[in-house]
Amino acid sequence: MTTRVALVTGGTGGIGTAICRYLASQGHKVATNYRDEGKARAWQEAQKKAGFDFGLAKGDVADPATAEAMVREVERQLGPVDILINNAGITRDTTFHKMSATQWQDVISTNLGSCFNVTRPVIDGMRERKWGRIVQISSINGQKGQYGQANYAAAKAGMHGFTISLAQENAKFGITVNTVSPGYVGTDMVMAVPEDVRSKIVAQIPVGRLGDPDEIAFAVGFFVDDRARWITGANLAINGGQYMGW
Ligand code: CAA
Ligand code: NAP
C-alpha cells in the first residue's frame with residue numbers, strides 16, 4: 001500500500017488517538033494538532049512508548065489563521081497532506097432557553113468552522129495531486145437531535161452538508177469526502193455527561209454498551225483505504241443500533 005500523510009485534528013483525544021493509531025498501523029505518516037504544548041508532548045511520549053511516532057503542530061481549529069499555520073507546519077514536517085480527518089470537537093450542553101451566545105458560537109466554530117479552517121488549506125494540493133481523503137467526524141446527535149444540544153446538533157448536521165457539497169465538487173479529482181457519525185463512545189466527552197443521564201442513554205443502545213474508540217477508527221480507515229475510491233458523500237452511522245435512520 002502507498003504511504004501517505006494524514007492530519008487528524010483533535011488527535012490527542014479519545015477517538016482521535018484511536019484514529020491516529022489505526023492510520024499509522026496502515027502505514028501512513030500521521031500528525032495532529034495541539035493547543036497545550038505540555039499536554040501534547042506528554043501524549044506524544046506515551047504514544048512513542050506504545051510504538052507510535054506522531055507529528056505535532058500547534059493550532060486551534062476554530063481559528064482560520066492558526067489552523068492554516070498548523071497545516072503548513074505538518075507539511076513542513078511530513079509532506080503534503082493527502083488524508084484529513086476533521087475530528088476535533090467540543091460540547092457545551094445546555095437547553096436552548098439557557099444557552100449563551102458564547103456556548104452557541106464556541107461549538108459552531110470548533111465543530112463546523114473547523115471544517116472550513118482546516119480543509120481550505122489542504123484542498124488545492126489534493127486537487128493538484130489528484131488524490132485525497134477527507135472524513136468528517138459528525139455524530140448521532142447531528143442525525144437525530146438531542147435534548148440539551150441545539151448548538152452541537154446544528155454543527156454536526158452542518159458537517160454532513162459540508163461533506164456532500166465537497167464530495168460533488170472534488171469527485172473528478174480523485175478526492176473522496178465522507179462522514180462518520182458515531183453514537184456514544186466512552187471518552188472524556190461522554191464521561192462528562194452526568195452519570196444518571198448517561199445510564200439512561202446507555203439503556204437506549206441496543207448493543208447494550210458505549211462504543212469503543214477503535215470501532216470508530218476502523219470505519220475511518222475504511223473510507224481512507226485506496227479501495228474505497230467509489231465511496232463519496234456517504235454518512236456512516238456507528239452507534240450500537242441507537243439510531244437507524246436511512
Ligand atoms: N428528554 C426529555 N426531557 C429531558 C431530557 C430528555 N432527553 N433530558 C432532560 N430532560 C428534562 C428533565 O427531566 C427536566 O425535567 P423537569 O424540569 O420536568 O424535572 C428538565 O429536562 C431539565 O431541564 P433543564 O433545562 O433544567 O436542564 P438541566 O440544566 O438539568 O440540564 C442537560 C439538561 C444539560 C441537557 C442534561 O440533561 C444533559 O447533560 N443531558 C445530556 C445531553 C447529551 O446527551 N450530551 C451528549 C454529550 S456527548 C456527545 O455529544 C458525543 C456525541 O456526539 C454522542
Ligand atoms: P475528546 O476526547 O474530548 O477529544 C477532543 C479533541 O479535540 C482533543 O484532542 C481536543 O484538544 C481537541 N480540540 C477541541 N477543541 C479544539 C480546538 N479548538 N482546536 C484544536 N483542537 C481542539 O473527544 P472525543 O470523544 O474523542 O471526540 C472526538 C470527536 O468525535 C468530536 O468531534 C466529537 O464531537 C465526536 N464524537 C464523539 C462522540 C463520543 O461519544 N465521544 C460521539 C460522536 C461524535 P484539547 O486537548 O486541546 O482540548
Side-chain angles (χ1 to χ4, degrees), residues 7-20 32-44 54 56-64 66-67 69-71 85-99 103 105-115 117-118 135-153 155-157 159-160 179-205 209-217 219-220 236-240 242-243:
L7 169 57
V8 179
T9 67
T12 62
I15 292 176
T17 299
I19 296 172
C20 288
T32 188
N33 65 286
Y34 66 86
R35 293 180 294 170
D36 175 336
E37 179 153 16
K39 189 174 151 189
R41 296 285 169 211
W43 173 86
Q44 191 182 38
F54 297 130
L56 276 179
K58 188 175 173 64
D60 180 338
V61 298
D63 175 67
T66 65
M70 163 188 100
V71 168
I85 315 301
N86 281 313
N87 166 75
I90 57 167
T91 53
R92 295 287 181 268
D93 293 354
T94 180
T95 41
F96 183 70
H97 64 275
K98 294 178 186 169
M99 191 176 288
Q103 287 170 319
Q105 199 51 56
D106 284 353
V107 170
I108 299 294
S109 321
T110 305
N111 297 14
L112 180 59
S114 58
C115 291
N117 298 338
V118 187
V135 180
Q136 269 60 253
I137 307 300
S138 177
S139 164
I140 183 176
N141 294 341
Q143 299 179 294
K144 70 167 189 54
Q146 172 63 13
Y147 202 102
Q149 287 202 309
N151 48 2
Y152 185 84
K156 291 298 188 184
M159 288 176 87
H160 190 57
T179 301
V180 168
S181 289
Y184 286 75
V185 179
T187 69
D188 292 350
M189 182 178 273
V190 165
M191 293 311 161
V193 174
E195 213 285 318
D196 56 323
V197 178
R198 203 170 63 236
S199 58
K200 283 187 197 138
I201 292 170
V202 173
Q204 294 162 9
I205 304 175
R209 61 168 172 84
L210 295 174
D212 184 280
D214 288 337
E215 291 163 345
I216 309 306
V220 172
L236 182 56
I238 313 176
N239 57 38
Q242 191 185 351
Y243 179 70

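Whatever order the structure lists ligands and atoms in, that order sets their numbers, starting from 1.
Using a 4.0 Å cut-off between heavy atoms, Ile201 contacts ligand 1 through its side chain alone, with no backbone atom that close. Here Val61 has heavy atoms under 4.0 Å from ligand 2 in both its backbone and its side chain. Contacts with ligand 2 closer than 4.0 Å are made by side-chain heavy atoms of Ile90 only, the backbone lying farther away. The residue Lys156 has no part lying near ligand 1, judged by heavy-atom distances below 4.0 Å. With a 4.0 Å cut-off on non-hydrogen atoms, Ser181 does not touch ligand 2 at all. With a 4.0 Å cut-off on non-hydrogen atoms, Asn141 does not touch ligand 2 at all.
At under 3.5 Å, a nitrogen or oxygen of Gln146, whether backbone or side chain, sits near a nitrogen or oxygen of ligand 1. Between Thr91 and ligand 1, not a single N/O pair is under 3.5 Å apart. The shortest N or O to N or O distance between Tyr147 and ligand 1 is under 3.5 Å.
Residues satisfying the salt bridge (charged side-chain N to carboxylate O under 4.0 Å, His left out) criterion with Arg35, sequence neighbours excluded, are absent altogether. Here Asp36 pairs with Lys39 under the side-chain contact (heavy atoms from CB on, under 4.5 Å) rule; sequence neighbours left out.
Of the options Val107, Val185, Ile15, Thr32, the smallest heavy-atom separation from atom 37 (C) of ligand 2 is shown by Ile15. Looking at Gly89, Ala88, Gly183, it is Gly89 that brings a heavy atom closest to atom 5 (C) of ligand 2. Scanning Tyr152, Tyr34, Trp43 for the heavy atom closest to atom 36 (N) of ligand 2 points to Tyr152.
Put simply, atom 36 (C) of ligand 1 has no protein non-hydrogen atoms near it, under 4.0 Å away. By the definition of a contact as any protein heavy atom under 4.0 Å away, atom 51 (C) of ligand 1 is in contact. Shown here, atom 47 (C) of ligand 1 is in close reach of the protein: a heavy atom of it lies under 4.0 Å off. Within the 4.0 angstrom cut-off, atom 17 (O) of ligand 1 has no protein heavy-atom neighbours. Under the 4.0 angstrom criterion, atom 12 (C) of ligand 1 counts as lacking any protein heavy-atom contact. For atom 29 (O) of ligand 1, the nearest protein heavy atom lies closer than 4.0 Å. There is a protein heavy atom closer than 4.0 angstrom to atom 7 (N) of ligand 1.
Heavy-atom proximity to Pro194, at under 4.0 Å, picks out these atoms of ligand 1: 39 (O). Residue Thr110 has at least one heavy-atom neighbour below 4.0 Å for each of these atoms of ligand 2: 15 (N), 16 (C), 18 (N). Each of the following atoms of ligand 1 lies closer than 4.0 Å to a heavy atom of Ser139: 52 (C), 53 (O), 54 (C). Residue contact check: Lys98 has heavy atoms under 4.0 Å from atoms 24 (P), 25 (O), 26 (O), 27 (O), 29 (O) of ligand 1. Listed by atom number, the atoms of ligand 1 under 4.0 Å from Val190 heavy atoms are 48 (S). In the vicinity of Lys39, heavy-atom distances shorter than 4.0 Å reach the ligand 2 atoms 45 (P), 46 (O). Heavy-atom proximity to Asp93, at under 4.0 Å, picks out these atoms of ligand 1: 42 (C), 43 (C), 45 (N), 46 (C), 47 (C). Numbered from 1 in the order shown, with element, the atoms of ligand 2 that lie under 4.0 Å from a heavy atom of Tyr184 read 40 (O). Remark: ligand 1 atoms within the under-4.0 Å shell around heavy atoms of Asn141 are 54 (C). Taking a cut-off of under 4.0 Å to the non-hydrogen atoms of Val190, the atoms of ligand 2 that pass are 39 (C), 40 (O), 41 (N). Below 4.0 Å from some heavy atom of Pro182 lie the following atoms of ligand 2, by number and element: 42 (C), 43 (C), 44 (C).
Here the heavy atom of the protein found nearest to atom 41 (N) of ligand 2 is Thr187 OG1, 3.0 Å. Taking atom 4 (O) of ligand 2 as the reference point, the nearest protein heavy-atom neighbour is Gly13 CA, 3.4 Å. Distance from atom 30 (O) of ligand 2 to its nearest protein heavy atom, with residue and atom name: Ile137 CG2, 3.4 Å. Among all protein heavy atoms, the one lying closest to atom 12 (C) of ligand 2 is Gly10 CA, 3.7 Å. Remark: minimum distance from atom 2 (O) of ligand 2 to any protein heavy atom is reached at Gly14 N, 2.9 Å. Here the protein heavy atom with the shortest distance to atom 20 (C) of ligand 2 is Asn33 ND2, 2.9 Å. Among protein heavy atoms, atom 14 (C) of ligand 2 sits closest to Arg35 NH2, 3.5 Å. The nearest protein atom to atom 44 (O) of ligand 1, hydrogens excluded, is given as Tyr184 OH, 2.7 Å; this is a heavy-atom distance. With respect to atom 33 (C) of ligand 1, the closest heavy atom belonging to the protein is Thr95 CG2, 4.7 Å. With respect to atom 31 (C) of ligand 2, the closest heavy atom belonging to the protein is Asn87 O, 3.1 Å. Nearest to atom 40 (N) of ligand 1 among the protein's heavy atoms is Val197 CG1, 3.5 Å. For atom 32 (C) of ligand 1, the closest non-hydrogen atom of the protein is Gly148 CA, 4.8 Å.
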Quick one: do Ile205 and Asn239 satisfy side-chain contact (heavy atoms from CB on, under 4.5 Å)? Show the steps, please. CA-CA 8 Å; Ile205 304 175; Asn239 57 38; over 6 Å; no

Pair Val8, Phe54 - check side-chain contact (heavy atoms from CB on, under 4.5 Å), show working. CA-CA 10 Å; Val8 179; Phe54 297 130; over 6 Å; no

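Remark: the backbone N or O of Lys58 is not paired with any side-chain donor or acceptor of Asn33 at under 3.5 angstrom. Within the 3.5 Å criterion, the main-chain N or O of Gly11 finds a donor-acceptor partner in the side chain of Thr32. Formation of a donor-acceptor pair under 3.5 Å by the Asn151 side chain with backbone atoms of Arg92 is found in this model. Not one N or O on the side chain of Thr95 forms a donor-acceptor pair closer than 3.5 Å with the backbone of Gly148.
The shortest non-hydrogen separation linking Gln149 to Thr91 is NE2-CG2, 3.7 Å.
Look at Ser138 and you'll find a heavy atom under 4.0 Å from some atom of ligand 2. Ligand 2 does not have Ala67 within reach: every non-hydrogen atom of the residue lies 4.0 Å or more from it. At a 4.0 Å cut-off, at least one heavy atom of Asp60 sits close enough to ligand 2 to count as contact.
Between the NZ atom in Lys156 and the OG1 atom in Thr179 there is a gap of 10.0 Å [rounded to 0.5 Å].
Tested against Met189 for a side chain to side chain contact (heavy atoms under 4.5 Å, CB included), the candidates Thr187, Val185, Val193 yield a single pass: Thr187.
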